[in-house]
Every structure is written in C-alpha cells, then in structure tokens.
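Notes to accompany the following structure.
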Amino acid sequence: MSFIINRKKDTAHEMGKKLDMNNIPKHVAIIMDGNGRWAKKRGFIRTLGHRAGMEAVKRVVRASCEIGIKYLTLYAFSTENWKRPAEEVNGLMDLLIEYLGREINELNENDVKLNFIGDLSKIPEKCKIKIKESEEITKNNKGLTLNIALNYGGRNEIVNAVKKIGKSLLDGKIKLNDIDEQIIADNLYTAGQPDPDLIIRPSGELRISNFMLWQSAYSELWFSDILWPDFDKNHLLEAIIDYQKRNRRFGGI
C-alpha cells in the first residue's frame with residue numbers, strides 16, 4: 001500500500017495523543033530525499049540543502065528515542081550517489097564528519113547505538129576513522145540503534161551476502177541444503193536486526209531506490225511530498241499513526 005500524503009497537519013501534541021504506544025514499529029527506515037530540491041527552491045547551493053537535512057536527522061532521531069522506536073535506519077548515501085559531482089560528494093562526507101563530531105555526546109547520553117551499514121571500503125579514510133570512533137563510543141548503548149546506510153545499495157548487499165554464503169559453502173562450513181532465508185538474512189548488513197516495519201520516503205518520489213530490497217518484503221510503505229529538510233517529529237508521528245491503522249497480514253487472511 002502506498003500513497004502520497006499531503007494534507008493539513010495537526011500539531012505534534014495532537015498527533016501524539018492519537019499514537020498507540022502499544023503498537024510502535026520496532027524498526028523504521030527512511031529514504032532521506034529532497035535536499036537538493038529544497039535548496040534549489042530557495043536559490044541555495046545543494047550543499048546547504050544537505051546541511052538542512054542534517055537538522056532533520058537530529059529531529060527524527062530525538063523523536064524516535066522519545067516514542068520508543070528500537071531501530072532507525074537512515075539512507076544517507078547510496079552506491080549510485082558517487083555519480084554526483086565530486087564537490088557535492090566531498091561536501092557530504094565532510095558533513096558526516098561534522099555531524100558525528102558535534103552530535104556524538106548527545107547520542108551517547110541518550111543511549112543511542114550508532115551502526116553504519118554499507119560498503120565502507122570506498123569511504124574516505126577520514127570518514128572511516130570518525131565512523132569507527134563513533135561506533136566504539138556507543139557500542140554498549142541499549143536504546144535506539146541508529147543505522148546509517150553509507151555507500152549502501154540493496155542489490156550490492158545481496159551480492160555480498162551471496163559471496164559470503166558461497167565461501168562458507170566452499171569452506172565446508174555449511175551444506176547446500178542449509179541455505180534458507182535465515183542464512184541469507186544472517187549475512188546481510190542488518191544481521192540480527194528485525195526487518196523494517198515501516199519505510200518512509202519524503203520528497204514525492206514513489207520508489208524505494210535500491211534500499212533494503214530483501215528486508216522490505218513485508219514493510220509498510222509511507223510516501224509524502226514533504227522535502228527531507230522540512231521533515232520533523234510531526235511527520236514521523238503521522239506516518240506511524242497511518243501505519244497503526246493498517247492490517248498487516250503477511251500473506252495470510
């Protein structure tokens with residue numbers, strides 16, 4: 001089920017009263033889209049749109065902690081994003097370092113565990129250092145697990161999983177008939193985590209863009225025309241309230 005949301009918003013307080021705290025999705029994933037268009041509408045360079053998008057990240061992480069979401073996955077940089085101009089790519093990497101440096105204390109104080117998923121081998125060394133440092137600082141936290149998908153692609157993730165399973169097969173660690181859905185899930189970047197209950201995409205686009213292809217088999221989809229830098233707690237609550245109205249049958253009746 002998917003549709004565009006574009007209606008008058010209630011206040012966050014009013015939305016909060018409608019929220020069923022007994023039916024909060026365990027895992028929410030968000031395709032953060034619309035930074036460039038947000039900047040263009042205002043006559044800004046694209047980098048300023050990405051910077052505004054980082055403020056939306058802060059709002060959504062705080063809101064997720066407040067309402068008890070256990071896993072939040074943010075699609076930050078795809079395997080296809082390397083096609084963008086080098087100046088923009090470098091700016092995004094610098095913004096990541098800035099965000100981690102500025103926000104790590106608050107994340108740690110709020111019991112948030114940082115976890116980066118994707119092919120990090122191609123990420124600049126200065127980013128790898130900051131990523132490792134941030135994951136180390138928060139590794140023992142038990143609250144929200146914040147997955148940041150960096151140089152991530154769903155197809156690439158599945159290819160990597162197949163390679164790992166193939167190696168285990170060749171090494172005699174598993175047999176051909178051992179391979180099942182659980183084996184595949186155990187070799188994805190999100191091994192040990194529940195699949196996303198809800199996938200949110202702002203910006204008006206109606207596709208998942210190579211994001212969590214395996215994990216999204218039964219995810220509920222929620223699309224909005226709001227651009228990511230304008231996304232806030234109210235929009236997150238609206239998406240979750242809509243999710244709570246749906247009947248998740250998982251192929252049953």
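Numbering starts at 1 and runs along the sequence shown. Because the structure is a prediction, the values reported are computed rather than measured.
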Would you name the heavy atoms of W38 and L48 that are closest together and state the gap between them?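 Between these two residues, the closest heavy atoms are CZ3-O, 4.1 Å.
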What is the minimum heavy-atom distance between D20 and Q244, and which atoms define it?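 Where D20 meets Q244 most closely, the heavy atoms are O-NE2, 2.8 Å.
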[X] side chain to [Y] side chain, donor-acceptor N/O pair below 3.5 angstrom:
X	Y	answer
H50	E88	yes
Y71	N115	no
N141	N108	yes
T73	H27	yes

[atom1]-[atom2] distance between [X] and [Y], expressed to the nearest 0.5 angstrom:
X	Y	atom1	atom2	result
L146	L74	CG	CG	5.5 Å
K126	L96	NZ	CG	10.5 Å
M93	L150	CE	CG	5.0 Å
R248	N23	CZ	CG	9.0 Å
Y152	N147	OH	CG	10.0 Å
D180	I174	CG	CD1	9.0 Å

Is [X] reaching over with its side chain to a backbone N or O of [Y], donor-acceptor style, under 3.5 angstrom?
X	Y	answer
W228	G53	yes
D33	S203	no
Y75	R201	no
N110	E106	yes
D186	I183	no
R51	T47	no
K175	L169	no
D197	K26	yes

Is there a side-chain contact (heavy atoms from CB on, under 4.5 Å) between I208 and S216? Walk through the geometry before answering. CA-CA 9 Å; I208 58 173; S216 65; 4.0 Å; yes
Going by heavy atoms in the side chains, are [X] and [Y] under 4.5 Å from each other?
X	Y	result
W214	E181	yes
L107	Y99	yes
K40	R46	no
L72	V60	yes
P202	H235	no
D242	W222	yes
L114	I104	yes
M212	T190	yes

Is [Y] reachable from [X] through a run of hydrophobic residues whose side-chain heavy atoms are each under 4.5 Å from the next?
X	Y	value
I97	I137	no
L198	L144	yes
L176	V162	yes
F44	V89	no

Give the C-alpha distance, both sets of side-chain angles, the deciding distance and a yes or no for salt bridge (Lys or Arg N to Asp or Glu O under 4.0 Å) between E103 and R59. CA-CA 12 Å; E103 304 299 330; R59 293 193 294 268; over 6 Å; no
Taking [X] first and then [Y], would you say they form a salt bridge - that is, a charged N and a carboxylate O separated by under 4.0 Å?
X	Y	answer
E135	K132	no
E133	K130	yes
E238	K245	no

Verify salt bridge (Lys or Arg N to Asp or Glu O under 4.0 Å) between E80 and K83, making sure each step is shown before the conclusion. CA-CA 6 Å; E80 292 77 28; K83 300 173 186 176; over 6 Å; no
Which label fits F77 and W82: parallel for a plane angle under 30°, tilted from 30 to 60°, or perpendicular past 60°?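 Perpendicular, since the angle between the ring planes exceeds 60°.
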Salt bridge (Lys or Arg N to Asp or Glu O under 4.0 Å) contacts in which one or both residues fall within residues 141-170, not counting sequence neighbours: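 For residues 141-170, and leaving out neighbouring residues, the salt bridge (Lys or Arg N to Asp or Glu O under 4.0 Å) pairs sorted by first residue read K167-D171.
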Applying salt bridge (charged side-chain N to carboxylate O under 4.0 Å, His left out), name anything that partners E109, two or more places apart in sequence or on another chain.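 For E109 there are no salt bridge (charged side-chain N to carboxylate O under 4.0 Å, His left out) partners, ignoring immediate neighbours.
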What residues form a salt bridge (charged side-chain N to carboxylate O under 4.0 Å, His left out) with R249, not counting sequence neighbours?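 Testing R249 for salt bridge (charged side-chain N to carboxylate O under 4.0 Å, His left out), a comparison that skips the adjacent residues, returns none.
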